[in-house]
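Beneath this line is the structure, given in structure tokens, with notes to follow.
A, B, ... follow the sequence lines: proteins, then strands. Residue 1 opens every chain.
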Amino acid sequence: MGKKDHLTIDKEVVQVIGRELLDWYYRNRRDLPWRKNQDPYKIWVSEIMLQQTRVDTVIPYFQRFIEQFPTLDDLAQAPEEQVIKAWEGLGYYSRVKNLHAAVKEVSAKYGSQVPDDLETISKLKGVGPYTAGAILSIAFNKKAPAVDGNVMRVFSRLFALTDDIALASTRKKMEHIALQVIPNNVPGDFNQALMELGALICTPSSPQCLFCPLRSVCNAYAEGIEEELPRKKKAKPPKQMKMVMLWLSQGQRALIEKRPDEGLLAGMWGLPTIQVAEEESMQEAHLFCDKNGLNVTNIKVAGKFEHIFSHQHWKVTVIQGEVSEWASPLPSSWSWMTADQVNEKPFSNVYRKALQLFI
DNA sequence: TAATCGTGGAT
DNA sequence: TATCCAAGATT
């Protein structure tokens, strides 16, 4: 068992970082809604929402979510569809399902008290290494690393590290560095200060080094390579996919489909959707309807649009038709919906785009 | 390790 | 327009 040699940070540098960064943070931190108090539940919600999501996007969702579910038990007791609805449009919907499940577990097993130790909190659904450290440090003042993309970018530049930040092993290395740098008295503030610096000064492109409180100890700045760091492997372009969404109406109602519990947009509602070989394929649309026992007339293209997920690029054709007769029962995931019900059920944005054509 | 999982803003 | 990527977790 060879012991990995980790980077050791000079003690005087640690002193400078702690002093200068905290001083900067206390003068420049943003007034964000989840910084009003240290309620572990609210910190938790904010950290889940902020995963891969911009602060400006999260703020209104956070406000509404906390207004709707002020306490952990309010959330634990709420029906799942209502909780998902509150997340509608935020994306990465497994986050909210995991959060809901984890909150129910905390309510049932831990007396509604968010665990304050790494072992227990890390077992909660949706709580990974970053989120665990963030909650422990921010809500409970515990010394724990909270290494997100900001922190990896700041450390990469500060210590001129060329590790690929897309690798999981790099995050562990960064956590080891964080533990050396985080002060014992204000770990939560310090972790937030690192992220705040990454968000406001040490930005991915055009970092504002002249305004950086850590400029005097930054290796990348000294070497003039701040724009070259961090190093990160390029992502694959999204897979091109041709899709058909169906608006199958009968009088004042239309068929909607609840998506499977796993995979893309799990648990969200949508229109019946198929992947097709050819764009605007009426033939494949007809075949799909036949297969599900539907007799459809007046079928035609209602509209087209594109939607890009992180890993899929959909070219969507929306095809509408009128259902004249159908074999019962309909597929169990299908349901008739009237126009006034559109805003009651959670639809992801890609389906909102399609629904706009009709409502 | 690499793929999966949303959306929208910035460059 | 294309690409990146934003307080990541899960498998």
Grab the [atom1]-[atom2] distance between [X] and [N] for me, whole Å please.
X        : N      : atom1 : atom2 : result
A:His307 : B:dG8  : NE2   : C1'   : 10 Å
A:His313 : B:dT4  : NE2   : P     : 17 Å
A:Tyr92  : B:dA3  : OH    : P     : 14 Å
A:Lys97  : C:dT11 : NZ    : P     : 12 Å
A:Leu124 : C:dA9  : CG    : C1'   : 13 Å
A:Glu196 : C:dA6  : CD    : C1'   : 14 Å
A:Ile308 : B:dG9  : CD1   : P     : 14 Å
A:Met49  : C:dA9  : CE    : C1'   : 17 Å

Please give the distance between the [atom1] atoms of [N] and [M] as a whole number of Å.
N     : M     : atom1 : result
C:dA6 : B:dT1 : C1'   : 23 Å
B:dC5 : C:dA2 : P     : 23 Å
C:dA7 : B:dT4 : P     : 24 Å
B:dG9 : C:dA9 : P     : 24 Å

Does [X] have a side-chain nitrogen or oxygen under 4.0 Å from the phosphate oxygens OP1 or OP2 of [N]?
X        : N      : answer
A:Gln192 : C:dA7  : no
A:Tyr93  : B:dT7  : yes
A:Asn349 : B:dG6  : no
A:Arg54  : B:dA10 : no
A:Ser310 : B:dT4  : no
A:Gln52  : C:dG8  : yes
A:Asn191 : C:dA7  : no
A:Lys233 : B:dA2  : yes
A:His311 : B:dG6  : no

Want to settle it: does A:Thr57 or A:Gln312 sit nearer the 5' end of DNA chain B, counting the closest nucleotide to each?
A:Gln312
Heavy-atom nearest nucleotide on DNA chain B for A:Phe347 versus A:Leu167: which residue maps closer to 5'?
A:Leu167
What's the closest nucleotide to the side chain of [X] if the choices are [options]?
X        : options              : answer
A:Phe309 : C:dG8, C:dC5, B:dG6  : B:dG6
A:Ala168 : B:dT1, B:dC5, C:dA7  : B:dT1
A:Asn98  : C:dG8, C:dT10, C:dA7 : C:dT10

Check this for me, if you would: do [X] and [Y] make a salt bridge, where the nitrogen-to-carboxylate-oxygen distance has to be below 4.0 angstrom?
X        : Y        : answer
A:Glu280 : A:Lys242 : no
A:Arg29  : A:Glu196 : no
A:Asp23  : A:Arg19  : no

Take A:Gly126 and A:Ser46, find for each the nucleotide of DNA chain C with the closest heavy atom, and name the residue whose nucleotide sits nearer the 5' end.
A:Ser46
If you take the centroid of each ring, where Trp contributes its six-membered ring, are A:Tyr61 and A:Trp87 closer together than 6.0 Å?
no
A:Glu81 and A:Trp269 side chains, donor-acceptor separation under 3.5 Å:
yes
Quick one: is the NZ or CZ of A:Lys42 closer than 6.0 Å to the six-membered ring centre of A:Trp34, and within 45° of its axis?
no
Looking only at N and O atoms, is any donor in the side chain of A:Thr53 or the base of B:dG8 less than 3.5 Å from an acceptor on the other one?
no
